[in-house]
Amino acid sequence: MGLYLYGGKVLMTDDIREKIPYYLGRGGKMEQLPGFIFRQEQANMAEEVGNTLIGEMFLAAEVGTGVGKTFGYLIPAILFAVEEGKKVVVSTRTRALQEQIMQHDIPDLKKVMEVNFTAAEARGRENYLCWNKYINIISGRKNIEDNQVDFITAILTWAEKTRTGDRKELSLNSELMKEWGMVAADRNSCLRDKCKYHDRCFRLKMIRSLEKADIIIVNHALLLSDLLTEHSVLPEYEHLIIDEAHSFNRESFERLSTRFSRQENIIIYNLLYDVNHTGRGFLNYLKGRFPHLAPLLMETTDLIKRGVELNKELFDIIGAGSDDFNYTRIVKGNFGDRQWMEEAYPVYLDWQANQNLIKMKLEDLIPELDEDDGQELSSLIAVLTGCGDNGYKVMEEELEADHCLVWIEYDRGRAAAICSSKINAGDTIDSRLYQKLKALVMVSATLAIADRFDHFIDQNGLKSYARQERLYCLLEKSPFNYDKQSCLYLVDDMPDITHPKFEPAVGQVLFDVINAVGGNILVLFTARKQLRQVSEMLRPVCKEQNIRLLVQYEDGDFGTLIDEFTAASNTVLMGLETFWEGVDLKGDLLRCLVIVKLPFRAPSDPYCSAWEKYCVTQKKNSFTEFMLPDAAVRFKQGVGRLIRSEEDRGAVVVLDNRLTGKRYGQVFLSSIPIKNIVHIKRRDIGILGDWI
Ligand code: SF4
């Protein structure tokens with residue numbers, strides 16, 4: 001088995017090189033699958049993925065909608081894994097995509113491919129039944145509330161029979177499933193090696209299945225948390241494919257952040273000793289079982305009461321004077337922040353000292369208890385310690401560090417948490433992940449801006465690999481005929497987006513769009529307040545016209561809204577961020593897409609602020625280096641919702657006049673595949689009906 005060199009690039013072994021066209025070439029084996037269409041772009045992509053894995057390179061690949069990127073990376077990955085005896089990990093953005101691969105794509109490939117391979121799915125521990133928790137409940141060792149009895153009764157038969165312990169096997173209603181947490185495995189309560197049910201543990205079974213697999217399918221969240229927990233889930237791997245890679249940097253930022261939370265502190269206090277319901281909590285249970293420990297237990301509960309008071313005092317100071325902030329506020333370290341920091345710090349130190357005292361008292365109790373109670377108390381101590389560690393990291397290590405960003409999350413006017421993260425997630429991912437890999441493929445339909453990958457490479461900490469010529473890029477365009485299938489209308493005479501007349505104008509234009517198109521309209525917003533305002537304007541009009549208006553946060557969750565949207569043709573769906581990416585509606589289900597504003601991130605978004613701070617430290621312009629390219633990629637994602645198959649036809653309407661009025665508008669327009677662009681006035685919206 002030899003390697004072939006061509007123009008300095010390492011090419012595939014004979015076996016893999018021959019097999020890719022055998023499966024993905026014109027007339028190839030994949031055509032045995034119903035609905036499969038040969039795409040040269042897909043075969044090209046598969047060849048490059050194969051080259052990357054064999055040649056130990058890094059690849060950033062933008063592969064347009066309709067190319068079939070999943071088979072484009074799975075087939076070379078399977079061939080490589082089987083022939084070379086190496087594991088390939090495939091990471092997707094969401095659990096839904098992970099399930100799509102496991103339940104549809106892998107079974108399809110098993111039907112067609114002439115190699116034996118095993119694929120396993122890595123899932124978060126919260127999906128698995130924990131025997132220890134379950135048996136504690138059914139043996140009566142742990143008391144449960146009346147409303148939890150129904151849930152336990154409903155899962156009894158399943159729990160005794162299941163081979164996987166995976167919650168996805170259950171088909172209970174959402175009300176009952178709210179109680180799943182009481183039997184779910186979780187990091188804090190897991191007894192690990194000391195667990196009596198270690199050999200039967202479902203989560204550990206899943207982890208063992210990963211050891212034997214050629215291909216492991218994981219999601220980004222689990223991949224990232226595995227990095228943070230020193231690979232507690234995934235076995236060693238050196239070959240990684242990251243799908244939907246456009247969002248990987250943001251997810252890395254979020255996953256690598258630390259959250260010091262008011263509520264999480266309260267939860268652990270309540271588990272130990274519920275100050276409001278004095279009959280509850282583990283220490284109360286111990287008081288009944290071990291009367292001779294009463295004095296020590298009393299001292300400990302007094303410390304917990306003090307912890308509750310200090311926790312309240314601390315978070316009240318952190319959130320003081322900011323009732324207006326409902327979501328997030330960035331800590332800038334300026335005068336206003338200095339004031340609360342100075343006031344909060346001594347309280348924080350008292351809280352931390354009190355935590356240590358609680359911990360010491362709890363540790364003193366352990367030798368006095370039997371094995372089971374001792375184990376349970378140990379796991380509670382671990383949770384308490386975790387809260388203290390989070391406080392230390394945010395308040396002592398990162399609060400004033402130049403390389404970190406700190407922000408406060410508010411819930412109904414109160415500080416709910418103070419969080420921190422490194423400002424450049426790419427550097428952290430480089431040291432924790434990329435440097436340990438032999439081959440990396442990052443693929444998405446939206447990586448490039450005007451066909452260039454500079455922003456993606458920079459943002460994801462891949463610059464040094466590009467300099468070493470270890471990273472190369474691939475651009476495979478969509479096979480769809482966008483000129484025939486789509487048209488983008490720019491409404492030139494909209495008021496400025498900051499003008500008070502903008503929202504009423506949006507309402508009027510949407511009304512005209514509805515009149516012209518009828519339904520199957522998706523409207524993408526960037527701000528919740530604006531979504532609410534426009535929804536209030538449109539709702540009565542839609543009712544009058546018998547148009548079904550579906551609004552995020554008002555008419556159901558994502559899945560419900562999509563189901564209702566696809567169930568009838570006279571529907572208009574209005575949504576925020578999740579709808580810019582997660583919608584895949586083919587044919588007539590979506591005929592018109594309206595983009596209200598260009599998707600620049602709000603400065604209060606910690607991810608955006610972190611990049612701004614990073615650009616300042618690097619003496620770079622944050623608008624050109626981050627805000628603009630980031631918004632262009634998100635715009636491209638949004639526009640990409642419209643044409644999902646060769647049969648689709650539709651229009652995009654953009655209501656933000658910055659697209660034509662600002663020079664940077666060209667960056668947005670040059671990034672999307674639609675080149676059929678028409679400038680119209682508001683009064684001409686009716687012509688949309690002619691196009692569609
Ligand atoms: S090892 Fe942990 S998750 Fe598994 S059964 Fe035991 S306590 Fe539960």
Side-chain angles (χ1 to χ4, degrees), residues 95 98 120-144 148 151-170 172 176-213 216 218-219 221-235 264 267-268 270-272 281-283 285-286 362-363 365-366 369-387 389:
R95 285 181 207 161
Q98 199 181 350
E121 188 180 11
R123 285 170 51 84
R125 70 172 81 217
E126 69 285 355
N127 292 294
Y128 295 94
L129 180 88
C130 166
W131 276 117
N132 189 48
K133 280 186 172 181
Y134 174 72
I135 288 177
N136 276 343
I137 291 168
I138 56 167
S139 65
R141 245 179 65 77
K142 187 173 168 65
N143 294 333
I144 56 172
Q148 296 175 322
F151 170 73
I152 291 296
T153 313
I155 66 163
L156 271 178
T157 317
W158 169 79
E160 300 302 324
K161 281 191 189 156
T162 177
R163 291 162 71 95
T164 68
D166 190 330
R167 58 177 283 171
K168 74 179 172 194
E169 293 175 349
L170 286 167
L172 303 182
L176 281 175
M177 280 309 278
K178 276 187 192 156
E179 306 297 341
W180 170 254
M182 67 195 286
V183 293
D186 72 88
R187 175 184 310 287
N188 293 325
S189 71
C190 181
L191 303 173
R192 296 174 179 86
D193 295 348
K194 292 184 193 138
C195 176
K196 281 190 273 192
Y197 312 102
H198 199 263
D199 292 344
R200 293 170 67 193
C201 175
F202 291 121
R203 176 177 173 268
L204 294 174
K205 254 191 212 171
M206 177 275 291
I207 290 175
R208 286 194 289 272
S209 77
L210 303 180
E211 292 279 356
K212 295 182 208 139
I216 295 172
V218 65
N219 58 60
L222 187 53
L223 179 86
L224 289 161
S225 79
D226 183 63
L227 291 181
L228 291 177
T229 53
E230 308 301 332
H231 302 288
S232 61
V233 180
L234 300 177
E264 275 163 34
I267 288 172
I268 180 58
N270 283 344
L271 287 172
L272 287 163
F282 191 67
L283 299 188
Y285 157 80
L286 292 182
L362 294 175
E363 282 169 347
L365 282 166
I366 291 178
L369 309 179
D370 62 26
E371 197 188 340
D372 284 351
D373 289 332
Q375 281 180 352
E376 185 147 0
L377 186 55
S378 298
S379 65
L380 291 170
I381 293 172
V383 183
L384 186 87
T385 309
C387 291
D389 290 349

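This chain uses plain numbering: 1 for the first residue, then up along the sequence. When a ligand or atom number is given, it counts from 1 through the structure's own listing order.
The distance from ligand 1 to the heavy atoms of A185 drops below 4.0 Å at these ligand atoms: 3 (S). If you number the atoms of ligand 1 from 1 as listed, the ones under 4.0 Å from a heavy atom of N132 come out as 5 (S), 7 (S).
The shortest heavy-atom contact between V218 and L223 is CG2-N, 3.9 Å.
Under the ring-ring contact (aromatic ring centres under 6.0 Å, His included) rule, F202 has a single partner from Y134, Y197, W131, which is W131. Partner of D186 under the salt bridge (Lys or Arg N to Asp or Glu O under 4.0 Å) criterion, chosen from K133, R203, R125: K133.
The protein heavy-atom contact nearest to atom 7 (S) of ligand 1 is L191 N, 3.5 Å. The protein heavy atom nearest to atom 5 (S) of ligand 1 is W131 N, 3.5 Å. Distance from atom 8 (Fe) of ligand 1 to its nearest protein heavy atom, with residue and atom name: C130 SG, 2.3 Å. Nearest protein neighbour of atom 2 (Fe) of ligand 1, counting heavy atoms only, is C190 SG, 2.4 Å.
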Can you check side-chain contact (heavy atoms from CB on, under 4.5 Å) on L362 and L272, steps first, answer last?
CA-CA 10 Å; L362 294 175; L272 287 163; 4.0 Å; yes
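Look at C201 and atom 2 (Fe) of ligand 1: no N/O/S atom of the residue is under 2.8 Å from the metal. For C195, every N, O or S atom stays at 2.8 Å or more from atom 8 (Fe) of ligand 1.
Atom NZ of K194 has 12 or fewer heavy atoms from other residues, nucleotides or ligands within 6.0 Å.
For the pair E371 and K196, the salt-bridge criterion is not met [side-chain N within less than 4.0 Å of a carboxylate O].
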